[in-house]
Colleague: 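Got a structure for you, questions after.
Heavy atoms only: backbone and side chains are in, while hydrogens, waters and symmetry mates are out. Below, read A as the first sequence line, B as the second, and so on, with proteins coming before strands; counting in each chain starts at 1.
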Amino acid sequence: MADEAELRAKLHTFGNDARFPDQNQTHRCFQNYVDYFRCVKAKGEDFAPCKEFWSTYQSLCPVSWVEKWDEERSKGNFPAFDL
Amino acid sequence: MLIMNNYNNMFNDVPTPWGMYLQDSASPMAEGMLEVHDTVMFYLMMMLMLVGYLTYSMMKFNNKMSYKYLTHGSLLEFIWTLFPVMMLLLIAFPSFMLLYLTDDVIDPAMTIKCIGLQWYWSYEYSDFINDNGETISFDSYMMPEEMLEFGQLRLLDVDSRVVVPIDTHIRFIVTGGDVIHSFTVPALGFKVDATPGRLLQISTIITREGRFYGQCSEICGVAHSEMPMTIEAVSLPKFLDWLNEQ
């Protein structure tokens with residue numbers, strides 16, 4: 001099937017991270033969330049490599065977690081640091 | 001007969017009444033688990049036969065084994081120490097090998113989040129984002145008994161199934177929303193606790209099309225038995241069609 005590879009290319013997800021080799025990926029989710037906003041703060045929204053952090057936390061963190069953190073950031077009580 | 005076996009395979013993907021063996025595997029991981037089960041069973045049977053024979057012979061015959069004035073024997077002690085050690089090693093090696101293999105997540109092509117809630121599962125396909133920038137997500141409830149259609153399985157079928165492509169590395173991220181649940185699909189060799197505040201990953205590659213059923217495997221409240229999970233493995237083009245409909 002020629003177009004099988006073409007279809008397969010539509011699937012893409014974040015890869016493995018040597019810092020988080022374990023079954024437990026909790027911290028990886030939080031780290032990528034923090035890294036994204038830290039990256040955006042330093043380099044601006046349009047800086048392409050920041051997108052990598054975004055797509056990782058988007059695929060990894062449950063939506064409810066991200067919503068909670070977004071709310072905390074907007075209220076200014078997000079625990080990591082001033083984002 | 002051989003031709004029939006090749007072209008008319010029937011797989012056991014559901015629990016059956018009085019089923020004494022495991023469900024047929026649909027992933028390399030489950031295949032490995034069946035293999036380890038059979039290997040360990042072999043050694044267990046060997047030991048059972050040996051111990052059974054010793055017990056029987058001691059009761060039945062008046063022989064060396066039942067010689068009650070035999071108070072110590074170095075060779076005998078050496079053997080009955082070494083034999084269990086060898087047996088345990090023979091069981092431990094394949095089992096540890098499988099354990100570490102199942103932990104590996106090798107270059108996944110897609111990620112699915114499975115969130116256990118009281119008492120249903122919620123799934124998120126966050127690799128894919130719709131036109132409004134929202135992630136694809138849905139809740140999956142058990143089909144109530146009175147709404148079951150012919151052929152559907154009581155306490156196993158759900159209203160919206162998790163559709164996944166075959167022959168694709170899939171990473172499942174399992175977590176809980178309220179109490180501890182457990183995401184379990186025997187045909188894929190899955191059993192991952194869904195713990196609130198903790199994300200666990202497990203990967204699989206489903207080798208054939210079919211519907212694979214599982215039930216929550218951690219007591220989570222009154223409707224613990226009424227939150228099954230149904231995974232529907234389809235070909236990649238069908239999966240992408242399904243995705244477009246969402």
Colleague: Considering residues, nucleotides and ligands other than A:Glu72, do more than 12 of their heavy atoms fall under 6.0 Å from its CD?
Modeller: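 More than 12 heavy atoms, drawn from other residues, nucleotides or ligands, come within 6.0 Å of this atom.
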Colleague: Students often mix this up, so state it plainly: with edges at 30° and 60°, are the rings of B:Phe183 and B:Trp121 parallel, tilted or perpendicular?
Modeller: perpendicular
Colleague: Hey, does B:Ile206 have a side-chain heavy atom less than 4.5 Å from the side chain of B:Ile231?
Modeller: yes
Colleague: Which pairs would a plain distance check flag for residues 93-110 of chain B, meaning a side-chain donor or acceptor within less than 3.5 Å of a matching protein atom at least two apart in sequence or in another chain?
Modeller:
residue  : atom : partner : partner atom : Å
B:Thr102 : OG1  : B:Leu98 : O            : 3.3
B:Thr102 : OG1  : B:Leu99 : O            : 2.7

Colleague: Please check: side-chain N/O of B:Lys191 versus main-chain N/O of B:Ser182, any donor-acceptor pairing under 3.5 Å?
Modeller: no
Colleague: Which residues satisfy the salt bridge (charged side-chain N to carboxylate O under 4.0 Å, His left out) test with A:Asp70, sequence neighbours excluded?
Modeller: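 Salt bridge (charged side-chain N to carboxylate O under 4.0 Å, His left out) list for A:Asp70, sorted by chain: A:Arg73.
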Colleague: Which atoms of A:Arg28 come close to chain B, meaning under 4.5 Å heavy atom to heavy atom: side chain ones, backbone ones, both, or neither?
Modeller: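 Side chain of A:Arg28 only, per the 4.5 Å heavy-atom cut-off to chain B.
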Colleague: Check whether B:Ile112 gets within reach of chain A through its side chain, its backbone, both or neither, counting any heavy atom under 4.5 Å.
Modeller: neither
Colleague: Quick one: what part of B:Thr168 sits under 4.5 Å from any heavy atom of chain A, side chain, backbone, both or neither?
Modeller: both
Colleague: Applying side-chain contact (heavy atoms from CB on, under 4.5 Å) between B:Trp119 and each of B:Met142, B:Glu226, B:Met227, report the one that passes.
Modeller: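 Running side-chain contact (heavy atoms from CB on, under 4.5 Å) over B:Met142, B:Glu226, B:Met227 with B:Trp119 returns exactly one hit, B:Met227.
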Colleague: Report which part of B:Gln201 has an atom under 4.5 Å of a heavy atom belonging to chain A: side chain, backbone, both, or neither.
Modeller: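 Both backbone and side chain.
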Colleague: Against chain A, work out which of B:Val174, B:Leu243, B:Leu240, B:Thr195 has the most heavy-atom pairs shorter than 4.5 Å and name it.
Modeller: B:Leu240
Colleague: Do any of residues 48-59 of chain A come closer than 4.5 Å to chain B, heavy atom to heavy atom, and if so which ones, in number order?
Modeller: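 When heavy atoms of chain B are the reference, residues 48-59 of chain A contributes A:Trp54, A:Gln58, A:Ser59 within the under-4.5 Å range.
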Colleague: So what's closer than 4.5 Å to chain A heavy atoms on B:Thr111: side chain, backbone, both or neither?
Modeller: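 For B:Thr111, backbone and side chain are both near chain A.
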Colleague: Check side-chain contact (heavy atoms from CB on, under 4.5 Å) between A:Asn24 and all other residues, then give those that pass, not counting sequence neighbours.
Modeller: A:Thr26, B:Arg198, B:Leu200
Colleague: Check whether B:Phe239 gets within reach of chain A through its side chain, its backbone, both or neither, counting any heavy atom under 4.5 Å.
Modeller: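 It is the side chain, since no backbone atom gets that close.
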Colleague: Determine whether the aromatic ring centres of A:Phe37 and A:Trp69 lie less than 6.0 Å apart.
Modeller: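 For A:Phe37 and A:Trp69, the ring centres are not under 6.0 Å apart.
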